[in-house]
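Step one of this worksheet: look at the structure below.
In what follows, chains are A, B, ... by sequence order, proteins preceding strands, each numbered from 1.
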Amino acid sequence: MLEKVEHRLITEDGRRIDGRALDEMRPVRIEAGVLDRSDGSAYIEMGKTKIYAAVYGPKEAHPRHLAQPHKAILNCRYHMAAFSVEGRKAPGMTRREIELSKVIREALESIVILEEFPRSAIDIFIEVIQADAGTRTAGLTAASLALADAGIPILDLCAGIAVGKVEGRIVLDPSEEEDKRGEADMPVAMAPRLGSIVLLQLNGRMTSSEFTEALNLAKKGIGVLYELQRKALGKKFATFTPAGEE
Amino acid sequence: MLEKVEHRLITEDGRRIDGRALDEMRPVRIEAGVLDRSDGSAYIEMGKTKIYAAVYGPKEAHPRHLAQPHKAILNCRYHMAAFSVEGRKAPGMTRREIELSKVIREALESIVILEEFPRSAIDIFIEVIQADAGTRTAGLTAASLALADAGIPILDLCAGIAVGKVEGRIVLDPSEEEDKRGEADMPVAMAPRLGSIVLLQLNGRMTSSEFTEALNLAKKGIGVLYELQRKALGKKFATFTPAGEE
Amino acid sequence: MLEKVEHRLITEDGRRIDGRALDEMRPVRIEAGVLDRSDGSAYIEMGKTKIYAAVYGPKEAHPRHLAQPHKAILNCRYHMAAFSVEGRKAPGMTRREIELSKVIREALESIVILEEFPRSAIDIFIEVIQADAGTRTAGLTAASLALADAGIPILDLCAGIAVGKVEGRIVLDPSEEEDKRGEADMPVAMAPRLGSIVLLQLNGRMTSSEFTEALNLAKKGIGVLYELQRKALGKKFATFTPAGEE
Amino acid sequence: MYRIGEKPYPTKIMRDKLYELILRGERLDGRGPYQYRPLELKTAIIEKADGSAMVNLGGTKIIAGVKTALGQPYPDTPDQANIVVNAELLPLASSFFEPGPPDEKAIELARVVDRCIRESKMLELEKLVYIPGRSVLVIYIDVYVLDYDGNYFDPAVLASVAALATAKTPLYEVKNGEVVLNPDIRPSLPIRKVPVSVTIGLLGDKILVDPTSLEESAIDTSIVIGWSDEDEMAAIQKNLQGLIQLSVMDEIIRVSREKSIELRTKLMEAIGRVGAPL
Amino acid sequence: MYRIGEKPYPTKIMRDKLYELILRGERLDGRGPYQYRPLELKTAIIEKADGSAMVNLGGTKIIAGVKTALGQPYPDTPDQANIVVNAELLPLASSFFEPGPPDEKAIELARVVDRCIRESKMLELEKLVYIPGRSVLVIYIDVYVLDYDGNYFDPAVLASVAALATAKTPLYEVKNGEVVLNPDIRPSLPIRKVPVSVTIGLLGDKILVDPTSLEESAIDTSIVIGWSDEDEMAAIQKNLQGLIQLSVMDEIIRVSREKSIELRTKLMEAIGRVGAPL
Amino acid sequence: MYRIGEKPYPTKIMRDKLYELILRGERLDGRGPYQYRPLELKTAIIEKADGSAMVNLGGTKIIAGVKTALGQPYPDTPDQANIVVNAELLPLASSFFEPGPPDEKAIELARVVDRCIRESKMLELEKLVYIPGRSVLVIYIDVYVLDYDGNYFDPAVLASVAALATAKTPLYEVKNGEVVLNPDIRPSLPIRKVPVSVTIGLLGDKILVDPTSLEESAIDTSIVIGWSDEDEMAAIQKNLQGLIQLSVMDEIIRVSREKSIELRTKLMEAIGRVGAPL
């Protein structure tokens, strides 16, 4: 077994391995209406993370006994392509994918006005074709846009981003290496107009004050994504380029 | 591979490894009404065997096409916790658990007055949290008590116990070691008031006359359990302590 | 690893390993009405390939939402017994069995007059008890006969046989060894009276002209099988013995 | 949970009819209460299996095949060959059977067949060990019900036992610590006992051997008893819901013993072992 | 997809009722908003497990068992023991739970318990490595919900942590490059932290600790926070649909921290570690 | 059994309409009978895969990715690398596709892609063997249908072949009997042929190349023909129910050959191999 000498993740002047500042997110591209068959769809790239989302519905709930008399049910599947990760992910849903499908669905249930469509179902499919950190929040961001693209009434768009703790510092939108080697990863999604959190998870250790700092940083990133979503809805796509790369 | 010198299971004066006489069962504790959410429940300990049983129903049969126009259907699941055995049982139902679910269900179908609840279903769940021989009969004993606790009309309580053949001798309520190293294991359950057998299996070799002896011994043990069940129904629990331990 | 010196599959005078001419099929036995419980059934032997087929229906489609308002649905399962092959096939449907179930079903859907039985289902079960090449076509041949035996209205019987390319030559009804070591295997099934193909697959390389030759050879074999099917329907079984063995 | 393909409701009218008949010692198909249906048994029908047998018991048709392979023993029996029994109630065989993985009935059938073979000590499993704890013969027994008119237990045991008793298996030998195949010989499996099972239906206190599918839908309950030899049982399985009156048990055991002797004789004839020492 | 056993529709009336109460600092069962239900914790109840614990939190009853075995480490953590957490919502426990493989709720529960234990660095996993990259201890934690009256997260973490903290595991040693069992000693697992989780329900901007099943059906949403120790969180999981107002987050963190200290104290008492250094 | 997501009933009216058009050499979307829809092909879009390609054929969008790993060869091909093809009809792509494990259509698609690649001898699999019988390259090809407007076979083959032809895979070498990774080079896979498939729909005796989803719902049947090169077919699959008149077969083969040449030329251009020897 080789001795691993691991390089530092943050330089002395506060830059990250990929050159970003601590509060800087990766380049983003968001596009709406990318898949023709679905009722609404979106595509997102955040760094090398690449995700499609599509919405079908509202349509008749099936099987029937799942139908709710006073509202629509929302189904969500977050799924990764076999080639999306290092190594090869075996086909079939992993426990991780099942959990993420649940938290993303619950986030979206918070913004969709389900009462408009009694006895109906809305299906949301998120397909990660490349995973390079931040897939659940990027997937949720795309899914929210796909819902709007489908014309489904929502209280607000929602967008998400991860924040991390790396070598004691709070960073926005951690890269895969920062996620793996860092102390904490915290995916956050918000409905900005509602001033509310729709998704929140933490893996790793943080104090109360670090949490507050992280949440504020996430809010900043989410604001950027939210604007991109709104632009994409109009002209069908929008991009964000970090200042340093412009 | 070490030479295994196996000790005798029965001493010359007719005592077993754990000190019991051949016709003596292990200490028993039976309790009714132990789980609040279910419509009826029971807990049983026989030696180190520890089992919960719960009953839900009668309720609407689901899916509908399984409903019977003239009677209730009865569902039964016998399941073992992963930590209940030596080693770790993999999650999911084994073939053994599926077979035992069937024989226990068939035993209970013999005593429940299913015709009272057309188009309904009664669900019975048996959860073995520790398995130390005799789990199917103890599970059935608990399930029968849970049915009574749920107020479901039954022809009779039923109780079960295993009898074994060990070193040529017929013994009541074999221990795990006796079960493994003995010549035969025969789980028996009866509805005493009806003078009938509701469950009967044999694994291992027995002659006709040994069978008769074994069946009579089982009947004796079942009589004791039956009394404990009836007491537990009244005051919610009952115990049996072998004479030697009193 | 031993050097494998593989024998030739076709001798210089155009005979195959098992003595057959290139355009000669193996001995065949076809029998109708072999299983009592089903509505129609058949048994086929082609060489050592041995297959049962049974038909149930038309009957109510189940689950209901699969029912078609204007026609029957047809279900088909092609399945191999664990002991039917070299080694032991694991229980459960392999991907190969699932694909073959589909192509056989689609072949049969071409000849059954499904519109006669709205909202109904017809189930076809093909059970390969020994597999020695040509099982999909033999299975289809038996299934078609079972449909007729069940009295289900069909446009025509259909029969199938494989043709192969072995050491550059086109051969009828390849044996297992010819299939494995040859250059191509092409299962074909036709409804002769309709002048139509109902099943066609190719595994392996063939030029256009070889394909035409192969298709003609298949047609010849199918003609023989078709006659056997018709005879079997009348007197319940029929056999074909290659000239050389008579 | 696990109740796919439930048997149809036992109609009261049919039960009464059967009971009336049985009181006169009669049955619907003309048999006596203790009489088996005609039995046919053919072995070696699957050339690719090491052993195989097809059994027709009245309208019930079952095929069993035996395959062997090298494998590791189970940790708790390092010095015994493995037996693996799989049974399937093919949808071919009855409209009550559905496609899919073995349901509770198929699993029960497999486990009862397994018990009859294992608990009777039919095979000398300790003779099929090549390297204790590491390399033994694994014997797969696959049972398929092809046509079903009641009582799959007895013909499944008959077919499995016949397939085992007539199997010719590869011979493995240990050479320099390695297990190698000897391609020259295919010996028989070492047989110690010839177990058979007897299925008995009950109508109140009346016994009815080898019930048909129609009878199964009307009887109160049933019981399968496996016999290792003339004197020893190896397996019992009460199956189907319903009560067995304690007072009938002696008669059940007596009748099943008698019928087991009859079945074993027929089985021995069919596999060509009449009078031969096992 | 993956929404078996969905919670019943939160009725508007019940929500209004609860909100009215909580404005007065009251709850249906008489508790205050920040008050846990009575907690009982018993360890070492399963003799066949290395460690076990049963927790009753009000009407919710959970059992956790720990088993260990030798195994290979995961490729990305060659120098750490493995933790495997499995959770099942037994159908015994509630009419909302169905038999079958773990659904999305059970998987979420297992993964939250896993995170509380793993991310808090509760166990010194690097001390349970015998041959780096090849042989480590595998620690199985199996959690079963036996009776369900809301909030399975906190008692599941309590039971799992108690089972781990009181476990006596086999001792393995490396001898001549082989990992062998030392049958003489059963040491405890090396414990570094004692994580607990706190589940908080939300009604608008009102907090409601440890919700019952009835409350769960009416609240807007809920959040689980795992604390490694007094100062550090190790896991958060917003669960259930619904919004959390950003303005309440500080209060949620503050309350959960406070309650975590209370729970940890009770846990330490129950496992007999009061004041003992870990 | 295995008929999830069945295609909708082919309406008689639509069939008549299409037939009328095709008699005049026309189609609904303005194409001629033998004309493909616009084809776009992009490679190297997934950095984490060894090879990848996205194909748009009209409104059908398919992505294929290639990953490789070390593995054991299949027992019957000890001296060849393994190919493993998996295809999924994502529910994203059409309301006719459902989530869950691959259904019969997805399995058929995977197996047809597999046959086109394997039977055409596209890859020199014997060059990717490190230790015969023990260590070979395993090549995983994963195909996902992202948007579905008919004919998934041809773009799936195009995407898979393009991903393979442009893949850069790890280089393994045998050193002292051990297979080790050479981290310095990522060579291309050894390519021998460039197979393509051509899907043809049939309306009576009329041919209709590359049917859309709407056409698929109305045609009588269809057939997929894979061509290794200009002269040799490698795979055929009649799919969908319905009859093919024997008299049309010659024309089907002729047209499919012609279109295969056209597709191969476009493919070669897209992967930058125009005129290059393979």
Side-chain angles (χ1 to χ4, degrees), chain A residues 2 33-43 45 47-60 62-63 75-93 97-98 101 121-133 135 139 142-143 146 176, chain F residues 44-54 56 58-71 84-102 106-107 110 138-150 152 159-160 163 167 170 212-214:
Chain A
L2 284 173
V34 293
L35 301 173
D36 292 346
R37 241 51 50 194
S38 58
D39 296 310
S41 61
Y43 176 69
E45 280 183 19
K48 290 184 183 166
T49 288
K50 301 177 182 183
I51 302 176
Y52 283 91
V55 168
Y56 284 87
K59 52 179 193 177
E60 199 186 350
H62 176 77
N75 298 306
C76 177
R77 188 177 96 136
Y78 161 99
H79 181 251
M80 302 175 96
F83 48 68
S84 65
V85 290
E86 295 298 324
R88 176 177 180 258
K89 195 203 131 246
M93 294 285 281
E97 285 168 298
I98 292 172
S101 296
I122 297 167
D123 289 345
I124 298 165
F125 302 108
I126 295 168
E127 199 61 33
V128 179
I129 62 167
Q130 186 157 255
D132 196 57
T135 58
E176 196 166 50
Chain F
I45 52 172
I46 301 296
E47 292 88 343
K48 294 199 176 185
D50 293 348
S52 61
M54 174 93 83
N56 290 294
T60 293
K61 182 196 280 296
I62 289 183
I63 187 171
V66 169
K67 293 254 188 188
T68 56
L70 276 186
V84 178
V85 181
N86 175 55
E88 295 188 30
L89 308 177
L90 296 174
L92 208 77
S94 165
S95 56
F96 296 122
F97 300 162
E98 288 180 25
I107 287 170
V138 181
I139 302 165
Y140 294 99
I141 304 168
D142 286 282
V143 176
Y144 295 93
V145 181
L146 289 167
D147 208 359
Y148 180 65
D149 187 20
Y152 43 56
S160 301
T212 63
S213 186
L214 184 60

Query raised in the report: In terms of heavy-atom pairs under 4.5 Å with chain A, which of F/D142, F/L146, F/D50 leads?
Result: F/D142
Query - Heavy-atom contact with chain A under 4.5 Å, split by part of F/L92 - result: both
Query raised in the report: Counting distance only, does the side-chain N/O of F/T60 pair as donor-acceptor with the main-chain N or O of F/G150 below 3.5 Å?
Result: yes
Requested in this report: Ignoring hydrogens and angles, tell me if any N or O in the side chain of F/S52 forms a donor-acceptor pair with the backbone of F/I45 under 3.5 Å.
Outcome: yes
Query raised in the report: With no hydrogens and no angle check, is any side-chain donor or acceptor of F/D147 less than 3.5 Å from a backbone partner on F/K61?
Result: no
Query raised in the report: Where does A/D39 contact chain F at under 4.5 Å (heavy atoms): side chain, backbone, both or neither?
Result: neither
Report task. Find the one option among A/S41, A/G87, A/S38, A/G92 whose heavy-atom pairs under 4.5 Å with chain F are most numerous. Result -> A/G87
Requested in this report: Mark yes or no for whether A/S84, through its side chain, and A/A131, through its backbone, hold a donor-acceptor pair below 3.5 Å.
Outcome: no
Query raised in the report: So which bits of residues 64-71 of chain F come within less than 4.5 Å of chain A, counting non-hydrogen atoms only?
Result: F/A64, F/G65, F/K67
**Report entry** Proximal component of A/V55, with respect to chain F [non-hydrogen, under 4.5 Å]
**Finding:** neither
Query raised in the report: Step by step, would you call F/K48 with A/K50 a side chain to side chain contact (heavy atoms under 4.5 Å, CB included)?
Result: CA-CA 11 Å; F/K48 294 199 176 185; A/K50 301 177 182 183; over 6 Å; no
Query raised in the report: Given that the side chain runs from C-beta out, which part of A/E45 has a heavy atom under 4.5 Å from chain F: side chain, backbone, both or neither?
Result: neither
Query raised in the report: Can you check whether A/Q130's main-chain N or O pairs, donor with acceptor, with A/K48's side chain at less than 3.5 Å?
Result: no
Query raised in the report: Does a side-chain heavy-atom distance below 4.5 Å link F/L90 with F/V145?
Result: no
Query - Residue F/Y144 versus chain A: region with a heavy atom under 4.5 Å - result: side chain
Query raised in the report: Can you list the steps and then say if A/K59 with F/S95 is a side chain to side chain contact (heavy atoms under 4.5 Å, CB included)?
Result: CA-CA 10 Å; A/K59 52 179 193 177; F/S95 56; 5.5 Å; no
Report summary line: Minimal heavy-atom distance between F/P91 and A/Y56, with the atoms involved, is O-CE1, 3.2 Å
Query raised in the report: In terms of heavy-atom proximity below 4.5 Å to chain A, should F/N86 be classed as side chain, backbone, both, or neither?
Result: side chain
Report summary line: Between A/Y52 and F/M54 the two heavy atoms that sit nearest each other are OH-CE, 3.3 Å
